[in-house]
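Presented below is the structure to which this report refers.
Just follow the structure's listing: the first ligand is 1, and inside any ligand the first atom is 1.
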Amino acid sequence: MDGDAICRELEEKIEEGLDFNSVKELAVARIHESNERFHWTGIYELFPDNTLRLGAFVGAPTDHVFIGVGQGVCGSAVAERRNMNIPDVNLISNYLACSAETSSELVVLIRSGEKIHGQIDLDSHEIAAFDDAIEAEVQKVADFLARRYDGWPVFREA
Ligand code: SME
């Protein structure tokens with residue numbers, strides 16, 4: 001995937017007046033379609049009650065709409081304040097299964113310094129689908145969105 005190209009398109013759409021929720025939906029769609037090994041792509045947003053809430057996503061609906069900080073891969077990423085690249089989800093104990101088909105998962109934090117806004121979560125049916133290069137490209141989009149969360153806090157209320 002080309003994170004810079006996605007950010008450029010998002011910037012253009014913002015200049016044209018696209019609302020922030022639609023920007024997030026477009027970001028998820030563009031990431032998802034960039035690699036056929038990405039089978040589920042979504043954004044979880046961190047709310048003041050220390051719960052991650054599912055926002056825009058592409059892929060099968062999941063039961064995990066709310067995830068507490070510290071729970072699963074997603075909640076652990078927030079608790080430990082770091083990205084998570086899990087090559088084989090079957091080998092970890094605190095995994096929350098979205099789909100029985102998922103084999104690997106990547107969580108990239110959307111953060112502005114110490115402030116964590118949420119995360120981009122990717123699942124793949126393939127083992128070890130995510131590498132450092134992919135993480136770096138997803139991080140570009142996450143960093144772009146982080147700057148928008150800073151600029152437009154009103155949209156957090158949606
Ligand atoms: N697997 C995640 C839950 C989210 S679903 O993958 C969409 C976790 O363990 O936190």
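Looking at atom 4 (C) of ligand 1, its nearest protein heavy atom turns out to be Tyr44 OH, 3.4 Å. Regarding atom 7 (C) of ligand 1, its nearest protein heavy-atom neighbour is Cys98 SG, 2.2 Å.
Interface of Asp123 with ligand 1, defined as ligand atoms under 4.0 Å from a residue heavy atom, comprises 5 (S), 6 (O), 7 (C). Set against the non-hydrogen atoms of Gly72, the atoms of ligand 1 under 4.0 Å away are 9 (O), 10 (O). Each of the following atoms of ligand 1 lies closer than 4.0 Å to a heavy atom of Trp40: 7 (C).
Of the N or O atoms in Glu105, one or more lie within a sub-3.5 Å distance of an N or O in ligand 1. An N or O contact shorter than 3.5 Å links Leu96 to ligand 1 by distance.
Under the 4.5 Å side-chain heavy-atom criterion for grouping Ile, Leu, Val, Met, Phe, Trp and Tyr, Ile86 is not connected to Leu52 through any hydrophobic cluster.
For Glu126 and Arg37, the salt-bridge test passes: some basic side-chain N is under 4.0 Å from an acidic carboxylate O.
A cation-pi arrangement is not found for Arg147 relative to Tyr149, the charged atom failing to lie both closer than 6.0 Å to the ring centre and inside a 45° cone about the ring normal. For the pair Arg53 and Phe47, the cation sits on the ring face: its NZ or CZ lies under 6.0 Å from the ring centre, inside 45° of the axis. For the pair Lys140 and Phe144, the cation does not sit on the ring face, since its NZ or CZ is not both under 6.0 Å from the ring centre and inside 45° of the axis.
With a heavy-atom cut-off of 4.0 Å, Asp121 touches ligand 1 through its side chain alone. With a 4.0 Å heavy-atom cut-off, ligand 1 is reached by the backbone of Val73 and by its side chain too.
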Take Met1 and Val141 through the side chain to side chain contact (heavy atoms under 4.5 Å, CB included) test and state the conclusion after the steps.
CA-CA 11 Å; Met1 66 173 282; Val141 180; 4.2 Å; yes

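Every heavy atom of Phe57 sits 4.0 Å or more from the atoms of ligand 1.
Partner of Ile110 under the side-chain contact (heavy atoms from CB on, under 4.5 Å) criterion, chosen from Ile43, Ile116, Leu46: Ile43.
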